[in-house]
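Values reported hereafter were calculated over all heavy atoms of this structure, with side chains retained and with hydrogens, waters and symmetry mates removed. Every number for a ligand or one of its atoms is a count from 1 in the order of the listing.
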Amino acid sequence: MIKKCLGCGVNLQNNDKNKEGYINSLTQDICERCFKLRHYSHFEQTTFTNDDYQKILDTIPKDSLVVYLVSVLNINLEYIDKFDNVIIVLTKKDLLPKSVKDYKLINYITNMTNHYLEIEVISSLKNYNLDSLLSKIKEHSCGKEIYFVGMTNSGKSTLINKMIKNYSEKTIEVTTSIYPSTTLDKIKIDISDLKIIDTPGLLSTGSILNNLSVKDIKRITPNKEIKPRSYQLKGQGSLIIDNMIRIDYYEDNNITIYLANNLQIVKSSLNNSKLKDCKNIDFDLSARQDIVVEDLCFIKFTKSCRISMYYLYPVNIYQRNNLI
Ligand SMILES: Nc1nc2c(ncn2[C@@H]2O[C@H](COP(=O)(O)OP(=O)(O)OP(=O)(O)O)[C@@H](O)[C@H]2O)c(=O)[nH]1
Ligand SMILES: [Mg+2]
């Protein structure tokens with residue numbers, strides 16, 4: 001019988017050290033990759049691709065209950081229409097300033113879609129709203145399997161670990177990490193009378209994480225409440241974010257930047273040549289719009305304006321209505 005890794009769901013094997021699921025002895029329960037991640041924070045890339053994960057997601061029955069996780073820092077609802085019964089869970093609320101109210105985030109989602117049974121705003125880290133989420137899951141599960149779905153790093157496995165701890169006697173844990181593509185296959189876990197299934201998340205092709213080293217992924221990922229940085233822009237000039245993104249502006253505006261607290265933002269003049277030879281994209285923003293640099297930051301603009309953005313790495317940059 002095939003034995004699966006309890007940490008990431010992959011088939012365990014003791015034949016090929018360079019393939020996923022390798023372990024010295026099949027008597028053990030987690031693969032070497034999960035072991036290194038858990039005990040030494042050492043991350044090994046996998047050879048699996050989005051296509052492999054997509055095939056796994058395609059096996060989820062359309063009518064099952066899906067808990068669809070979306071990080072407040074990366075709101076992507078691209079795949080919810082694939083499922084009939086969806087509870088949308090906005091995760092990592094603790095990373096936004098405390099002044100941001102849940103109902104505002106919920107309103108934001110309701111303006112994007114009406115394809116959901118419930119919406120919940122949570123923080124697994126702070127145990128925030130998990131009881132409320134549990135009762136919503138119970139209400140809609142009716143004995144069916146419950147799939148936890150969402151982009152990579154949306155916090156699926158972390159939430160499952162919190163639920164195991166809060167609502168069961170079990171001591172097992174699935175593997176979680178700050179790096180993309182931690183969970184590699186489906187993992188079935190019963191929590192009280194709920195049949196929960198963790199799944200691998202897709203990595204968006206537009207994410208800046210595709211271009212960064214393991215060290216830089218750790219550096220740019222916010223790990224505590226973001227302290228927004230506000231600027232009263234006068235006339236024209238540039239802002240350079242962590243030597244990766246340049247924003248040229250041409251008129252007065254009030255803006256607020258949300259990103260990891262340790263990253264540097266430098267104000268400079270338009271004459272500065274920094275990043276000027278990189279690819280660029282222009283935006284015409286209406287009043288109260290954000291610019292999102294996927295998985296790096298979002299920038300809240302107050303007034304309508306034209307800006308030019310230069311970017312060191314290929315990354316998806318887009319405008320949306322103000323989240324906050
Ligand atoms: N601040 C904060 N971080 C969280 C929260 N939930 C998860 N994280 C962090 O987000 C990162 C990704 O979490 P995972 O649970 O591994 O994400 P996942 O969705 O299972 O990712 P894949 O397995 O790759 O699909 C980890 O560094 C977690 O610690 C939360 O509520 N607050
Ligand atoms: Mg996971």
### Summary
Near L125 (heavy-atom distance under 4.0 Å), the atoms of ligand 1 are 1 (N), 2 (C), 30 (C), 31 (O), 32 (N)
### Query
With a cut-off of 4.0 Å, which atoms of ligand 1 are near a heavy atom of G201?
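Every atom of ligand 1 under 4.0 Å from some heavy atom of G201: 25 (O).
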Which residue owns the protein heavy atom closest to [atom], what's the atom, and how far is it?
atom                    : value
atom 21 (O) of ligand 1 : N153 N, 3.0 Å
atom 8 (N) of ligand 1  : K92 CE, 3.7 Å
atom 30 (C) of ligand 1 : D94 OD1, 3.6 Å

### Query
Is the closest heavy atom of T91 to ligand 1 under 4.0 Å?
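Contact check T91 vs ligand 1: negative.
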### Message
Under 4.0 Å, counting heavy atoms only: does S181 come that close to any atom of ligand 1?
### Response
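Heavy atoms of S181 do come under 4.0 Å of ligand 1.
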### Query
Is NZ or CZ of R306 both nearer than 6.0 Å to the six-membered ring centre of Y249 and within 45° of the ring axis?
no
Checking the N or O distance criterion of under 3.5 Å, is ligand 1 in contact with [X]?
X    : answer
T152 : yes
T182 : yes
S124 : yes

### Query
Near K82 NZ, under 6.0 Å, is it more than 12 heavy atoms from other residues, nucleotides or ligands?
no
Salt-bridge criterion met for [X] and [Y] (N-O under 4.0 Å):
X    : Y    : answer
K4   : D185 : yes
K62  : D84  : yes
R219 : D242 : yes
E32  : K17  : yes

### Message
Please determine whether T199 has a backbone or side-chain N, O or S atom lying under 2.8 Å from the Mg ion (ligand 2).
### Response
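Not a single backbone or side-chain N, O or S atom of T199 is under 2.8 Å from the Mg ion (ligand 2).
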### Task
Measure from the Mg ion (ligand 2) to each N, O or S atom of T175 and report whether any distance is below 2.8 Å.
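Looking at T175, which is the residue asked about, there is no N, O or S atom under 2.8 Å from the Mg ion (ligand 2).
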### Query
Taking the side chain as C-beta and beyond, is there a heavy-atom pair between K144 and N85 under 4.5 Å?
yes
### Task
To the nearest 10 degrees, calculate the angle at the Mg ion (ligand 2) involving OG1 of T183 and OG of S157.
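That angle is 90°.
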Which is closest to [atom] by heavy-atom distance: [options]?
atom                    : options                : answer
atom 11 (C) of ligand 1 : P222, S154, S177       : S177
atom 23 (O) of ligand 1 : L202, N161, T183       : T183
atom 20 (O) of ligand 1 : G155, S157, P180, S123 : S157

#### Entry: Criterion salt bridge (charged side-chain N to carboxylate O under 4.0 Å, His left out) on D94 and K92, from CA distance to verdict
CA-CA 5 Å; D94 57 288; K92 310 192 188 185; over 6 Å; no
### Message
I'd like to know whether E44 forms a salt bridge (charged side-chain N to carboxylate O under 4.0 Å, His left out) with K36, so could you lay out the CA-CA distance, the side-chain angles of the two residues, the decisive distance to 0.1 Å, and finally the verdict.
### Response
CA-CA 8 Å; E44 276 173 12; K36 286 182 185 165; 2.7 Å; yes
### Message
Side chain, backbone, both or neither: which applies to T158 and ligand 1 if a contact is any heavy-atom pair less than 4.0 Å apart?
### Response
both
### Query
Does ligand 1 have a heavy atom under 4.0 Å from the side chain of L95, from its backbone, from both, or from neither?
side chain
### Query
Would Y310 and K276 count as a side chain to side chain donor-acceptor pair (under 3.5 Å) if you check the C-alpha gap in whole Å, the side-chain angles of each, and the deciding distance to 0.1 Å?
CA-CA 7 Å; Y310 297 81; K276 269 291 229 192; 3.2 Å; yes
### Message
Working note: D295 + S207, criterion side chain to side chain donor-acceptor pair (under 3.5 Å); need CA distance, chi angles, decisive distance, verdict.
### Response
CA-CA 6 Å; D295 284 326; S207 169; 2.6 Å; yes
